[in-house]
Student: 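Quick one: the structure is below, questions incoming.
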Amino acid sequence: MEGDALYSIGELARWSGLSVKTVRFYSDRGIVAPADRSPAGYRLYGIDAVARLDLVRTLRELGLDLATIRKVVDRELSLPDVAAAHADALAVQIRVLRLRRAVLTAVAERGATPEEMEFMHRLARLSEDERRCLIGEFLDAVFGGLGTVPAFAGVMRSMTPELPDDPEAEQVQAWVELAELSLDPEFRASVRQLAEEQAAEQVALQVRGDRSGPRRDIAGVVREQVGPALDAGVDPSSPRADPFVSAFTVHYAHLLGRPDDVDLRRRLVARLESVNDPRRERYLQLLAVVNGWPAPESLAPALDWSVRALRVRTV
């Protein structure tokens, strides 16, 4: 192609790789205007028309509308500004698509009903403020009025999901399930009972004048004390388990300010069974996914072992 030569619409189509119909469409809308006309009235184009068509095709493939494209090629809008605005719009579309994918994946895996799908979709579309409100209401239902335990402030923070601005589909799906779980009245009641029991234990320590500060939750103590027994394959019903059982029952007896006897161990069985609620562990697993944290270590093996060991020793 020569710089001063003029070319027919057919020639322009061949050089640009577009169809004659497409080139004519852009020409009719003034995006690629002819430089002249032949004696017979046919449109003729200059060499710059090929470059404009290349730009137009690229912008169309990126999803820009024709009105915006015309302003870009006519330099009424700068390409960087248009690209930035379009990138922002695409980010919103991507997030919407991720939300839809997460909901559809959850529906496919659960075999959900139309009503359940609609509910999941609403949860997925909540704004950041709405998500915070939902979780805040859950945490208030669980920990509200238990401010006597300073450690609860940290626990509440550690139980708060923070969905990122640009979440992966797995994070959105985890958020939807976590939100559903937080709305489960039975789950709320279970976690509330655990919080009340822990609060009562800490208050009892204060009343007795214990100045050692807040004691670790019994579940954490059990995991620490029972871990070596699990690693060594100790049967919870065997005499070899006695030292491990004594280690965490003594701790629990001190929390309650009462002797380590059969009644205390029965109470501890009930407490550990409550902690071992699969919904509690599922909440923590989902929380880790949403927040991008490492998967939490499961307490179930240590709690199962401890409950079995205690039952054998309370009959």
Student: So which heavy atom on Ala199 is nearest to which on Leu146, and how close?
Tutor: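 Shortest heavy-atom contact: CB-CD2, 4.2 Å.
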
Student: Mind checking what makes side chain to side chain donor-acceptor pair (under 3.5 Å) contact with Ser38, not counting sequence neighbours?
Tutor: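 With neighbours one apart ignored, the set is empty.
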
Student: With side chain to side chain contact (heavy atoms under 4.5 Å, CB included) as the criterion, how do Val56 and Arg70 come out once you've worked through the C-alpha distance, each side chain's angles and the decisive distance to 0.1 Å?
Tutor: CA-CA 8 Å; Val56 170; Arg70 180 170 184 172; over 6 Å; no

Student: Distance-only, no hydrogens or angles: does the Arg14 side chain make a donor-acceptor pair with backbone N or O of Val20 under 3.5 Å?
Tutor: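 Such a contact is absent between Arg14 side chain and Val20 backbone.
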
Student: Taking the inter-plane angle between the rings of Phe244 and Trp305 on a 0 to 90° scale, is it parallel (under 30°), tilted (30 to 60°) or perpendicular (over 60°)?
Tutor: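 Phe244 and Trp305: perpendicular rings.
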
Student: With Gln173 as reference, evaluate Glu168, Arg101, Glu109 under the side chain to side chain donor-acceptor pair (under 3.5 Å) test and give the passing residue.
Tutor: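 Of the listed residues Glu168, Arg101, Glu109, the side chain to side chain donor-acceptor pair (under 3.5 Å) partner of Gln173 is Glu109.
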
Student: If you measure from the Lys or Arg side-chain nitrogens to the Asp or Glu carboxylate oxygens, is any gap between Arg313 and Asp242 under 4.0 Å?
Tutor: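 Looking at Arg313 and Asp242, the cut-off is met.
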
Student: Assess, by modelled atom type and distance only, whether the side chains of Gln193 and Glu197 contain a donor and an acceptor separated by less than 3.5 Å.
Tutor: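 Checked: Gln193/Glu197 side chains pair up, N/O donor to acceptor below 3.5 Å.
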
Student: Under the salt bridge (charged side-chain N to carboxylate O under 4.0 Å, His left out) test, which residues partner Arg29, sequence neighbours left out?
Tutor: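 With neighbours one apart ignored, the set is empty.
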
Student: Is there a side-chain contact between Val290 and Val172 in this structure, where contact means two heavy atoms from C-beta onward sitting under 4.5 Å apart?
Tutor: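 In short, these two side chains do not touch, never coming nearer than 4.5 Å.
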
Student: Does Asp235 reach the side chain of Arg240, with side-chain heavy atoms less than 4.5 Å apart?
Tutor: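 Side-chain contact under 4.5 Å: no.
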
Student: Would you say the side-chain atoms of Glu116 pair up with the backbone N or O of Thr113, donor to acceptor, closer than 3.5 Å?
Tutor: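 It does hold such a pair.
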
Student: How would you list, by chain and number, every residue that makes a side chain to side chain contact (heavy atoms under 4.5 Å, CB included) with Arg267, sequence neighbours excluded?
Tutor: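 For Arg267 the side chain to side chain contact (heavy atoms under 4.5 Å, CB included) partners, ignoring immediate neighbours, are Tyr252, Leu256, Arg258.
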
Student: Same hydrophobic cluster for Trp293 and Leu178, using side-chain heavy-atom links shorter than 4.5 Å among ILVMFWY?
Tutor: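 Yes, Trp293 connects to Leu178 through the hydrophobic network.
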
Student: We want to know whether Thr22 and Ser19 form a side-chain donor-acceptor pair, criterion being a heavy-atom distance below 3.5 angstrom.
Tutor: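 Judged by distance alone, the side chains do pair up.
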
Student: What is the minimum heavy-atom distance between Ala219 and Val275, and which atoms define it?
Tutor: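 Minimum heavy-atom contact is CB-CG1, 3.7 Å.
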
Student: Could you please spell out the steps behind the side chain to side chain contact (heavy atoms under 4.5 Å, CB included) verdict for Met159 and Val142?
Tutor: CA-CA 11 Å; Met159 292 183 67; Val142 171; 5.8 Å; no

Student: Is the side chain of Asn291 donor-acceptor paired with the backbone N or O of Thr160 at a distance under 3.5 Å, no angle test?
Tutor: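 Yes.
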
Student: Is Glu76 atom CD crowded by more than 12 heavy atoms from other residues, nucleotides or ligands, each under 6.0 Å away?
Tutor: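 More than 12 heavy atoms, drawn from other residues, nucleotides or ligands, come within 6.0 Å of this atom.
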
Student: Taking only Lys NZ, Arg NE, NH1 and NH2, and the carboxylate oxygens of Asp or Glu, determine whether Asp74 and Arg52 approach each other closer than 4.0 Å.
Tutor: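 Salt bridge: yes.
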
Student: For Val234, does its backbone N or O pair with a side-chain atom of Ser238 as donor and acceptor, under 3.5 Å?
Tutor: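 Such a contact is absent between Ser238 side chain and Val234 backbone.
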
Student: Do the charged groups of Asp184 and Arg279 touch, with an N to O distance under 4.0 Å?
Tutor: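 Result for this pair is yes, salt bridge flagged.
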
Student: Does a salt bridge link Asp217 with Arg271, judged by any charged N lying under 4.0 Å from a carboxylate O?
Tutor: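 Yes, Asp217 and Arg271 are salt-bridged.
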
Student: Leu230 versus Pro301: any side-chain heavy-atom pair under 4.5 Å?
Tutor: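 Yes, side chains in contact.
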
Student: More than 12 foreign heavy atoms under 6.0 Å from CZ of Arg265: is that the case here?
Tutor: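 More than 12 within 6.0 Å, yes.
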
Student: Going through the distances and angles, do Leu310 and Phe248 end up as a side chain to side chain contact (heavy atoms under 4.5 Å, CB included)?
Tutor: CA-CA 11 Å; Leu310 286 168; Phe248 62 75; 4.0 Å; yes

Student: Going from CG on Leu299 to CG on Asp304, what distance comes out if it is rounded to the nearest 0.5 angstrom?
Tutor: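 Answer for the CG-CG pair, Leu299 versus Asp304, is 10.5 Å.
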
Student: For Ala51, which residues count as a side chain to side chain contact (heavy atoms under 4.5 Å, CB included) partner, sequence neighbours excluded?
Tutor: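 Residues passing side chain to side chain contact (heavy atoms under 4.5 Å, CB included) with Ala51: none at all.
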
Student: When rounded to the nearest 0.5 angstrom, what distance separates CD1 in Ile69 from CD1 in Ile31?
Tutor: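 Between Ile69 CD1 and Ile31 CD1, I get 6.0 Å after rounding to 0.5 Å.
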
Student: With clusters defined by side-chain heavy atoms of hydrophobic residues (ILVMFWY) lying less than 4.5 Å apart, directly or transitively, does Leu183 cluster with Leu139?
Tutor: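 Leu139 clusters together with Leu183.
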
Student: Looking at every non-hydrogen atom in both residues, tell me the closest pair between Ser306 and Val226 and how far apart they are.
Tutor: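 So the minimum-distance heavy-atom pair works out to OG-CG2, 3.3 Å.
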
Student: Quick check: closest heavy atoms across Leu264 and Ala253, and the distance to 0.1 Å?
Tutor: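 Of all heavy-atom pairs spanning Leu264 and Ala253, the closest is CD1-CA, 3.4 Å.
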
Student: For Thr68, enumerate each residue passing the side chain to side chain donor-acceptor pair (under 3.5 Å) test, keeping only those at least two apart in sequence or located in another chain.
Tutor: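 In terms of side chain to side chain donor-acceptor pair (under 3.5 Å), with neighbours along the sequence ignored, Thr68 is linked to Asp65.
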
Student: Which distance, rounded to the nearest 0.5 Å, do you find between the CZ of Phe138 and the CZ of Arg192?
Tutor: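 Between Phe138 CZ and Arg192 CZ, I get 11.5 Å after rounding to 0.5 Å.
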
Student: Determine, using the 4.5 Å side-chain heavy-atom cutoff (strictly less than), whether Leu287 and Val289 are members of one ILVMFWY cluster.
Tutor: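 The answer is no; the residues belong to distinct hydrophobic clusters.
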
Student: Is it the case that one hydrophobic cluster holds both Tyr42 and Val23, taking links as side-chain heavy atoms less than 4.5 Å apart, direct or via other members?
Tutor: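 No, separate clusters.
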
Student: Is Tyr26 close to Leu66 at the side-chain level, that is, under 4.5 Å between some pair of heavy atoms?
Tutor: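 Leu66 reaches Tyr26 side chain to side chain.
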
Student: What residues form a side chain to side chain donor-acceptor pair (under 3.5 Å) with Arg311, not counting sequence neighbours?
Tutor: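 Per chain and number, Arg311 pairs via side chain to side chain donor-acceptor pair (under 3.5 Å) with Glu273.
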
Student: Can you confirm whether Trp175 sits close enough to Pro167 that some side-chain heavy atom of one is under 4.5 Å from a side-chain heavy atom of the other?
Tutor: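 Trp175 vs Pro167: side chains apart.
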
Student: In sequence, state the C-alpha distance, the side-chain angles, and the governing distance for Leu303 and Arg223, and then conclude on side chain to side chain contact (heavy atoms under 4.5 Å, CB included).
Tutor: CA-CA 7 Å; Leu303 295 174; Arg223 176 174 57 187; over 6 Å; no

Student: Taking atom types as modelled, find out whether Ser182 and Tyr283 have a side-chain donor-acceptor pair closer than 3.5 angstrom.
Tutor: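 Short answer, no.
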
Student: Any heavy-atom pair between the side chains of Arg282 and Gln285 that's under 4.5 Å?
Tutor: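 A side-chain contact exists here, since the closest heavy-atom pair is under 4.5 Å.
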
Student: Would you mind telling me which of Glu130, Arg125, Arg131 makes a side chain to side chain donor-acceptor pair (under 3.5 Å) with Ser127?
Tutor: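 Filter result, single survivor: Glu130.
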
Student: Does a side-chain heavy-atom distance below 4.5 Å link Leu194 with Arg280?
Tutor: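 Yes; the side chains approach each other to less than 4.5 Å.
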
Student: So which heavy atom on Ala33 is nearest to which on Tyr45, and how close?
Tutor: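 It is O-CD2, 3.7 Å.
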
Student: Using the rule given for salt bridge (charged side-chain N to carboxylate O under 4.0 Å, His left out), can you reason through Arg43 versus Asp28, listing the C-alpha separation, both sets of side-chain angles and the distance that settles it, and then say yes or no?
Tutor: CA-CA 11 Å; Arg43 286 176 277 200; Asp28 289 343; 2.7 Å; yes

Student: Is any side-chain N of the basic residue among Asp129 and Arg132 closer than 4.0 Å to the acidic one's carboxylate O?
Tutor: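 No.
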
Student: Locate the shortest heavy-atom distance separating Ala288 from Pro294; write the atom from each residue and the value.
Tutor: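 Shortest heavy-atom contact: CB-O, 3.6 Å.
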
Student: Looking at Phe187, is its backbone amide N or carbonyl O close enough to the side chain of Ser190 to form a donor-acceptor pair, meaning the two atoms are under 3.5 Å apart?
Tutor: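 A pair under 3.5 Å: no.
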
Student: Is Ser237 close to Arg308 at the side-chain level, that is, under 4.5 Å between some pair of heavy atoms?
Tutor: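 No; the side chains remain at least 4.5 Å from each other.
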
Student: Are Phe25 and Trp15 co-members of a hydrophobic cluster defined by side-chain heavy atoms under 4.5 Å apart?
Tutor: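 Trp15 clusters together with Phe25.
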
